[in-house]
Participant: 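Have a look at this one before I ask anything.
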Amino acid sequence: MLAGFREITEVDVPEIPKERTLFPGTKNDYWYRIDMPNHSDCTCCIYELDVDGVFDPHFHRLNTEQTILLTPDAKIEVVSETRIYDVAFPNSCFFHKGEKHAVINKSGFKIELLVVWKPKMIGWNAEFVNKNEL
C-alpha cells in the first residue's frame, strides 16, 4: 500500500547532485542539492515530483525529514506505516528517524518540494522498503 501497489524502485545514490538531475529510477522527477551553512547541521534539496508521481516508500535510519511544499496549490498524500493524510501548500510534513513513508503528488501538475534532513548527511542516505516488507 505504501507504494500504491507499484513495483518499488531500488536506487543507489551516493550524493545529492549540485545540478538539476533526473532522480534515478524515475521518468520525470528531478532534484538538486541546496547548500546550507556548515553550522546548520542539515542537508537540503529541491525535489520536483511529477504529475501523479510517487516517491517510493523509504526511511532514513539516521535522519529526520521535513518535506515542505513550495508550489502554490500543491497537494500531496503522505502514507506511513501508521497513517495516511493530505498536506497542502504552504504546509509541510515531518518524519522521524526510521519512519517508513511515501509521498504521492495529488495536485494534477508537477510540484516542487524542499526536503530537509537533520542531522547533516554524508552523501544521501535512504533505505527503500523491500516489497517483501510491505
Side-chain angles (χ1 to χ4, degrees):
M1 185 174 87
L2 280 171
F5 303 102
R6 293 171 30 270
E7 186 70 26
I8 297 170
T9 305
E10 289 291 326
V11 298
D12 181 27
V13 181
E15 191 88 31
I16 300 172
K18 289 184 174 188
E19 303 293 324
R20 183 176 181 264
T21 304
L22 185 68
F23 189 83
T26 69
K27 292 181 181 171
N28 203 28
D29 288 4
Y30 290 84
W31 72 327
Y32 53 93
R33 186 176 73 220
I34 302 295
D35 289 325
M36 300 296 288
N38 285 335
H39 70 274
S40 67
D41 193 29
C42 65
T43 299
C44 302
C45 82
I46 298 292
Y47 193 91
E48 301 172 17
L49 188 58
D50 200 14
V51 178
D52 300 322
V54 177
F55 196 94
D56 285 332
H58 67 285
F59 64 97
H60 307 279
R61 193 174 304 279
L62 303 174
N63 308 88
T64 62
E65 178 181 317
Q66 180 95 27
T67 300
I68 304 158
L69 285 81
L70 297 178
T71 306
D73 299 321
K75 296 177 192 143
I76 58 172
E77 181 177 71
V78 176
V79 181
S80 74
E81 292 178 290
T82 58
R83 61 190 181 138
I84 298 172
Y85 59 98
D86 295 322
V87 179
F89 174 84
N91 296 304
S92 67
C93 50
F94 179 84
F95 306 104
H96 295 278
K97 292 177 186 178
E99 182 178 1
K100 294 174 186 169
H101 58 282
V103 176
I104 304 163
N105 183 354
K106 294 292 193 173
S107 306
F109 48 86
K110 190 170 196 161
I111 62 173
E112 285 189 336
L113 306 167
L114 171 62
V115 185
V116 180
W117 297 277
K118 199 163 180 76
K120 184 180 288 190
M121 291 182 176
I122 304 300
W124 185 73
N125 309 19
E127 297 178 47
F128 284 84
V129 179
N130 182 308
K131 66 182 177 182
N132 298 327
E133 295 177 59
L134 298 175

Participant: Does one hydrophobic cluster hold both Leu49 and Leu22, with members joined at side-chain heavy-atom distances below 4.5 Å?
Facilitator: no
Participant: Any chain of hydrophobic side-chain contacts (each under 4.5 Å) joining Val116 to Leu70?
Facilitator: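 Yes, same cluster.
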Participant: Can you tell me how far the OH atom of Tyr30 sits from the CD atom of Glu19, to the nearest 0.5 Å?
Facilitator: 14.0 Å
Participant: Determine whether a donor-acceptor pair (N or O, by modelled atom type, separation under 3.5 Å) exists between the side chain of Lys106 and the backbone of Asp86.
Facilitator: no
Participant: Under a 4.5 Å side-chain heavy-atom rule over Ile, Leu, Val, Met, Phe, Trp and Tyr, are Ile76 and Tyr85 clustered together?
Facilitator: yes
Participant: Between Leu113 and Ile68, does the side chain to side chain contact (heavy atoms under 4.5 Å, CB included) criterion hold? Intermediate values first, please.
Facilitator: CA-CA 5 Å; Leu113 306 167; Ile68 304 158; over 6 Å; no
Participant: Do Glu99 and Phe94 have side chains that get closer than 4.5 Å, going by heavy atoms?
Facilitator: no
Participant: Identify the two heavy atoms, one from Ile16 and one from Thr43, that lie closest to each other, and give their separation to 0.1 Å.
Facilitator: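 Nearest heavy atoms, Ile16 then Thr43: CD1-CG2, 3.6 Å.
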Participant: Going through the distances and angles, do His101 and His60 end up as a side chain to side chain contact (heavy atoms under 4.5 Å, CB included)?
Facilitator: CA-CA 10 Å; His101 58 282; His60 307 279; 4.0 Å; yes
Participant: When rounded to the nearest 0.5 angstrom, what is the spacing between CD1 in Ile111 and CG in Leu69?
Facilitator: 5.0 Å
Participant: As an exercise, state the distance from CD of Glu65 to CE of Met121, rounded to the nearest 0.5 Å.
Facilitator: 7.5 Å
Participant: Can you name the nearest heavy-atom pair linking Asp73 to Ser107, along with the distance?
Facilitator: O-OG, 4.3 Å
Participant: CD1/Ile122 to CD/Glu15 distance, rounded to the nearest 0.5 angstrom?
Facilitator: 9.0 Å
Participant: Crowded around Asp35 CG? As in, over 12 foreign heavy atoms under 6.0 Å?
Facilitator: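 Buried by this count: over 12 neighbours within 6.0 Å.
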Participant: Should Arg61 and Lys97 be marked as a side chain to side chain contact (heavy atoms under 4.5 Å, CB included) after you check the CA-CA gap, both sets of side-chain angles, and the distance that decides it?
Facilitator: CA-CA 5 Å; Arg61 193 174 304 279; Lys97 292 177 186 178; over 6 Å; no
Participant: Output the distance between atom OG1 (Thr26) and atom CZ (Phe55), rounded to the nearest 0.5 Å.
Facilitator: 9.0 Å
Participant: Whether the Thr64 and Gln66 side chains hold a donor-acceptor pair (N or O, under 3.5 Å, no angle test) is what I'd like checked.
Facilitator: no
Participant: Work out which heavy atom in Cys45 is nearest to a heavy atom in Trp31; give both atom names and the distance.
Facilitator: SG-CE3, 4.0 Å
Participant: Going from CH2 on Trp117 to OG1 on Thr67, what distance comes out if it is rounded to the nearest 0.5 angstrom?
Facilitator: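 If I round to the nearest 0.5 Å, the distance is 7.5 Å.
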Participant: State, yes or no, whether a side-chain contact exists between Lys120 and Asn38 at a heavy-atom distance under 4.5 Å.
Facilitator: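 Of all side-chain heavy-atom pairs linking Asn38 with Lys120, at least one is under 4.5 Å.
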Participant: Minimum heavy-atom separation for Glu48 and Tyr32, please, with both atom names.
Facilitator: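 Scanning both residues, the minimum pair turns out to be OE2-CE2, 4.0 Å.
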Participant: Are any non-hydrogen side-chain atoms of Val78 and Phe95 less than 4.5 angstrom apart?
Facilitator: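 Contact flag for Val78/Phe95 side chains = yes.
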Participant: Could you tell me whether the side chain of Asp29 and the main chain of Asp50 form a donor-acceptor pair under 3.5 Å?
Facilitator: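 Answer holds: yes.
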Participant: Between Asn63 and Pro119, which heavy-atom pair has the shortest distance, and what is it?
Facilitator: ND2-O, 2.5 Å
Participant: Counting only heavy atoms not in Lys118, do more than 12 fall under 6.0 Å of its NZ?
Facilitator: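 Yes.
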Participant: Under the criterion side chain to side chain contact (heavy atoms under 4.5 Å, CB included), I'd like the reasoning laid out for Leu114 against Ile46: C-alpha separation, chi angles, the key distance, then a yes or no.
Facilitator: CA-CA 5 Å; Leu114 171 62; Ile46 298 292; 4.1 Å; yes
Participant: Under the 3.5 angstrom rule, does the side chain of Thr71 hit a backbone N or O of Glu112 as a donor-acceptor pair?
Facilitator: yes
Participant: Over all heavy atoms of both residues, which pair between Cys44 and Met36 is shortest? Give the atoms and the distance, please.
Facilitator: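 Heavy atoms only, the tightest pair is SG-CG, 3.5 Å.
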